[in-house]
A.B. asks: 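Have a look at this one.
Below, each value reflects all heavy atoms present in this structure, side chains not excepted, and no hydrogens, waters or symmetry copies. We count ligands from 1, going down the list as the structure has it; atoms in each ligand are counted the same way.
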Amino acid sequence: MRSELLTTSLDSETTQKNETQPKTSELRDKIAALDAELAEVFKARFSTAPFLSRKTVSFQGNKDKHAYGWYKYKEAFSAGLVEFVLTSYNGRISGKVLDPFAGIGTTLFAASSQGIPADGIELLPIGQEIIRARLLSEKELTTNDIATLEHWTTYFPWKGFQDRIPFSTIRITENAYPSETVEAIERYRGALQQENEKVQAILCLTLLCVLEDISYTRKDGQYLRWDARSGKRRPGTKAFNKGKILAFDVAVTAKLKEILSDIRDAELPVTLFPVKQNAANIRLFNGSCLEVLPTLETASYGAVMTSPPYCNRYDYTRTYALELAMLNLTQAEVLSLRQEMLSCTVENREKDLLKICPEWKSFIDAANQQKLLQTIHTYLEHEKASGTLNNNGIPRMVRGYFSEMACVIGECARVLKPNARLFMVNDNVRYAGVSISVDMILSDIAQTFGFEVEKILVVPGKKGNSSQQMGAYGRVPLRKCVYVWRKR
Ligand SMILES: C[S@@+](CC[C@H](N)C(=O)[O-])C[C@H]1O[C@@H](n2cnc3c(N)ncnc32)[C@H](O)[C@@H]1O
């Protein structure tokens, strides 16, 4: 009897698998055919760009660049990339540059240094704070402010400071620092209240720049990795040792000296009184580009240079949790920020895009009508129903990503002047064994908004997949590209 039951259940399982598999391979074949069709359409637009290295399109390229390297924002691209683009199109960019996903402001500062005014939009408070402090460091510091900051590197005024100011802790940042470091941070936060707003901003920037080094954590792919000394360990994982954890005083002093040295080397206009030279050059909107873009004037920008979050499950609010807590965000605020971010994690719920802007219906329709994308959605829903996805939030995330990106691209088309270009760095991704050609899908959608796809520059050295994908489906190279679209 027992073995009979067992056979029946095995049989039904096998039957189920046999029923799903032909559909799976049919959908995969359809995706491959539609992908090949689109590749044929864009064949002449693709080119490998030997002058673009992985280093140039990533933060690595900023390592030795004054100010750009103060805060390690791994998701940034390099100032060199922005300078390269602006130089290549020299004379063909008339008017302001816009970056709707400004990060730590690479586009803004690189454009401004070439005399081009730039506007940025950024939602994550850490990016906003880095940009704010850097702007102050460039334009508003006086000789007195510099002398005060030098005093901090020599006399450590936080040591023994009585009025400690605690900082917020959210669930994932509990026990992130040794107890003596917590005490030092609180004294530092207390002592900096004695200074003027500009000096405070630089001291706060310094603190944000060293948080990872003085903590038990390391930013690692999609999450924070915890050193075993913290007492935290994910069940079933090997004990991790991040190496030397810097003492607070050492880390802060070294970083502040680096910042001051860069300010001096850059020969910025540090004078007895603030010089608001080129103050109109850079403007930052703090908030979601989905909310801010519709408020910008039509045909008012000479170029868009940007890199949106990739559709890769990367959660900025987790990776930058230490910084968000230091900026006093509460648990509830971090959760709501996560939902506001462009959908690229499995936790993102669907956004009501038409509520944000009723005129976006045609943008959303364009995404819904893109054939390759629709087949990918069908395939992912099918895999979800078959229980083969490693996370059931993947179909919703992919759908949200492309709908929201369609709205962002549609808005960029609206705010660009005729003939102006949009430059975008983005990665292709892979889910459930299927590569998603983000480059061609977005380019195809962009065409329907009046963009001409001039080039899709492929960065040499193709990127692999996540370890989960590689284990299950083998390694398939994924393209990283810079798209160049011109508004017709
Ligand atoms: C790939 S990073 C861009 C980095 C930038 N190019 C730089 O060099 O610093 C994408 C950025 O988009 C931001 N972001 C995500 N959702 C957003 C939204 N809805 N509105 C504005 N910015 C958003 C993220 O916080 C992140 O800083």
A.B. asks: For the side chain of Tyr320 and the backbone of Pro125, is there at least one donor-acceptor N/O pair under 3.5 Å apart?
C.D. replies: no
A.B. asks: May I have every N or O pair linking ligand 1 to the protein at under 3.5 Å, one per line with atom names and distance?
C.D. replies:
residue: ligand 1; atom: 8 (O); partner: Phe77; partner atom: N; Å: 3.1
residue: ligand 1; atom: 8 (O); partner: Thr106; partner atom: OG1; Å: 2.6
residue: ligand 1; atom: 9 (O); partner: Ile104; partner atom: N; Å: 2.9
residue: ligand 1; atom: 16 (N); partner: Leu342; partner atom: N; Å: 3.0
residue: ligand 1; atom: 19 (N); partner: Ser288; partner atom: OG; Å: 3.0
residue: ligand 1; atom: 20 (N); partner: Cys289; partner atom: N; Å: 2.8
residue: ligand 1; atom: 25 (O); partner: Glu122; partner atom: OE2; Å: 2.6
residue: ligand 1; atom: 27 (O); partner: Tyr73; partner atom: OH; Å: 2.5
residue: ligand 1; atom: 27 (O); partner: Glu122; partner atom: OE1; Å: 2.9
residue: ligand 1; atom: 27 (O); partner: Glu122; partner atom: OE2; Å: 3.3

A.B. asks: Between atom CG of Asp365 and atom OG of Ser403, what is the distance when rounded to the nearest 0.5 Å?
C.D. replies: 10.0 Å
A.B. asks: Classify the side-chain pair Asn348/Arg338 by whether it contains a donor and acceptor separated by less than 3.5 Å.
C.D. replies: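 Side-chain D/A pair, Asn348 to Arg338: absent.
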A.B. asks: Salt bridge (Lys or Arg N to Asp or Glu O under 4.0 Å) with Glu454: which of Arg92, Arg421, Arg488, Lys487?
C.D. replies: Arg421
A.B. asks: Does the ring of Phe167 carry Arg189 above it, NZ/CZ under 6.0 angstrom from centre and within 45° of its axis?
C.D. replies: no
A.B. asks: Less than 3.5 Å apart, any donor N or O on the side chain of Ser343 or Glu404 sitting next to an acceptor on the other?
C.D. replies: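 Result is yes, a qualifying pair exists.
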